[in-house]
Amino acid sequence: MNLVTIAFKSIKQRALASSLTALSVALGVMLMVAVLVIFGILNRTFGQNAIFYDLIVGPKGSDLQLVLSTVYRVSPPIENLPYSYYKDLLEHPAVAEAVPIALGDVTEEGGFPIVGTNERFFELPYAPNEEFLLRGHGFEDPFDAIIGDQVAYKNGWDIGSQFKLVHGGQESDHVHNEKFTVVGIIKQTGTPNDKTVFIHLNGFYSIADHNKPVKEYVDRFRKFYTIVPGSDKDLELQEIEEAAAKVAPGAHYHGPSTDVTKEITSVLVRMKRPAGDPPDAPSIAAPLFASRLKKGFQAQGINPIIPMKRLLDNVVGNIQKGLVVMTTLIIIVSGVSIFVSIYNSMADRRREIAIMRALGASRQAVFTIILAESILLCFGGGLFGLLLGHGLVFVAAPIVASQTGLLIDPFAFETIEFVIVPSLIVLASIVGFIPGTTAYRTDVAEAIAD
Amino acid sequence: MSLELTNIRKSYREPGGSRLDVLDIPHFAMKQGEQVVLVGSSGGGKTTLLNIISGISRADSGSVVIDGIDIGILPEAGRDRFRAERIGFVFQTFNLLPAFTALENVLLGMSFSGKRGDRTRARELLTRMGLENRLRHRPGQLSVGEQQRVAVARALANKPSLLLADEPTANVDTGNQANVLNFIREACEENNVSLLMVTHTPDVAAQFDRVETLADFNKVGVRS
């Protein structure tokens, strides 16, 4: 019978008190594990590998708003860009891929954001090595729609379902007349795409209410490209304006260079990479390209990671730190309860300790037994807490996925969890030290005589 | 095992600050395998003497030589080790640990001597005590007599050369007193273990060839 077995016996002897103190440690650890895992998932979701594209190019303004609107679709777009700018980017020798994005409307049912884009969006991965999987087919008709898994689930839509759009966002009550038909459903990705309805840009432009006066388009175009008066492009734009002025009110404009009357809200850009680079390797060219974009155009190119990391660090990071501190305090309080439990039992166990000493146990041996008790309680509680924490994540994962679309790996494990158990052992050694010392100092002759 | 005490003195400081002399023993000796009963009045220093012999307490002066080793000069850890390996202790109140079964209590006696996990010997001892059906019972589930037999088995677990018994029959009913006593004496004879037993009971003392009254060799003792 070794000293740990003796310690375990003592714990069993005080089964109720021991269980309660170990449970308090377990609950603290469970909360900490849940916090670490959930924030780990958040960090990864908004982190480096969350998106396939290197840059989001959009109008000048808040970089965070550009990312939140284009990638997460939780913010209105900043402004519009000329459609021709997307074409410029696509033809740029440093650019591998460019995908246009037009935002603005939501579905009438459920208020899911509408993204106007083209078929290339679905041909490219949404994250490194993560391809879109579609049930149904891609865009074939301007009024075709591809919907996210959550949209299908929440609205009860399937292939063939038809729906209308609400103009400008959920606060608007202007419903467009045009009907779109679901032709494809994206398999769950765990990204905001699951809660988005994608329509073809041509369909987006075909919505009658989306047409603005041609002069508005032309003015924005001039400003964006800083067109010099009297230049060839200026003359071309004047021609468009004159042609548009001749069109009767309500009739469609069919004059020259109709691209001027098309706008988008942003462009997803993937830079070219040296041959042999892994797909998730960061682009070396992207920062230089982004800095060049700022010169000459009313545009900005943003690495989506940077504003999100700033947001995470400044807001979410602080919440995480606060929760980690709180759960750490809970665990420390649990440690104190272990101290109180063992220390209170010392008076009753004085004789027991004296008997062991009389049987030949050294002072160090009885100290070790008490310390081992403290460590066993903390260690056992900690392991149980790890199981509870991961059990909680395991049980919550499908519920969270169905409610929010956020994919949580039920077996997610954060590396920092490896620190929990050693930390608990340190805590147990600290709280076990004083009761251990009491045992160490027990006067054998006096305690036995008592 | 031979035991020889020379010029043992022990005193305690009283609350008032004065010193109370408890033991002043010029000489006391036992031969190997000898069985000695020690009688004396309450408060006469019998338990203090057993504690000094076992190394639990230290004498203020003098020497305690067991098998040629002066345990008084050993460091505390050395005395603990010596006690674990060579001295068995049977207490008046048995002092079994309530969380441990009979078998585990005996194994506990071995735990501190390096004979960890000698379950075979522990079982043999308990079987020899007629407790083969009580191995998994906790002290609270055993009769007083059974508890004392477990305590004796625990004391003998490490094959000690000296068994100290502090009134081992005091809490045993009259019917069982003889059994317990016989068992202790037989076990000591079989294993050539020296026995020093403290008792208040004249009937028990009468069964021993050598009966020592503490006051006879303790110069500060109280003669009853």
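Numbered from 1 within each chain, the chains take letters A, B, ... in sequence-line order. Everything numeric here is computed off the predicted structure, so don't read it as measured data.
- For the options Ala99(B), Ala77(B), Gly88(B), heavy-atom pairs under 4.5 Å to chain A are most numerous at Ala99(B).
- For Ile355(A), the part lying under 4.5 angstrom from a heavy atom of chain B is the side chain only.
- For the residue pair Gly360(A) and Ala84(B), the shortest heavy atom distance occurs at CA-CB, 3.7 Å.
- For the pair Arg83(B) (side chain) and Ala358(A) (backbone), a donor-acceptor distance under 3.5 Å is present.
- Leu20(A) CG: more than 12 foreign heavy atoms inside a 6.0 Å radius.
- Only the side chain of Phe91(B) comes within contact range of chain A, judged by heavy atoms closer than 4.5 Å.
- Side-chain contact check for Met356(A) versus Leu97(B): some heavy-atom pair is nearer than 4.5 Å.
- Counting heavy atoms of neighbouring residues, nucleotides and ligands inside a 6.0 Å radius, atom CZ of Phe433(A) does not exceed 12 of them.
- From Leu108(B), atom CG reaches atom CD1 of Ile6(A) across 5.0 Å, with rounding to the nearest 0.5 Å.
- Listed here is the closest heavy atom pair of Pro98(B) and Gln13(A): CG-NE2, 3.5 Å.
- Distance check: Asp443(A) CG to Ser57(B) OG gives 7.0 Å after rounding to the nearest 0.5 Å.
- Interface remark: of the candidates Glu104(B), Arg81(B), Arg79(B), Glu104(B) forms the most heavy-atom pairs closer than 4.5 Å to chain A.
- If you tally non-hydrogen atom pairs under 4.5 Å between each of Ser362(A), Ser10(A), Ala354(A), Ala361(A) and chain B, the highest count goes to Ala361(A).
- Within a 6.0 Å radius of CZ in Arg9(B), other residues, nucleotides and ligands contribute 12 heavy atoms or fewer.
- Of the atoms belonging to Asn51(B), it is side-chain heavy atoms, and not backbone ones, that fall under 4.5 Å from chain A.
- With rounding to the nearest 0.5 angstrom, the OG1 atom of Thr5(A) is 10.0 Å from the CG atom of Leu107(B).
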(request) For the pair Phe112(B) and Leu3(A), evaluate side chain to side chain contact (heavy atoms under 4.5 Å, CB included) and give the outcome as yes or no after the intermediate values. (result) CA-CA 9 Å; Phe112(B) 309 113; Leu3(A) 300 184; 3.9 Å; yes
(request) For Arg357(A) and Ile56(B), run side chain to side chain contact (heavy atoms under 4.5 Å, CB included): C-alpha distance rounded to whole Å, both residues' side-chain angles, the deciding distance at 0.1 Å, then the answer. (result) CA-CA 8 Å; Arg357(A) 293 273 287 114; Ile56(B) 289 174; over 6 Å; no
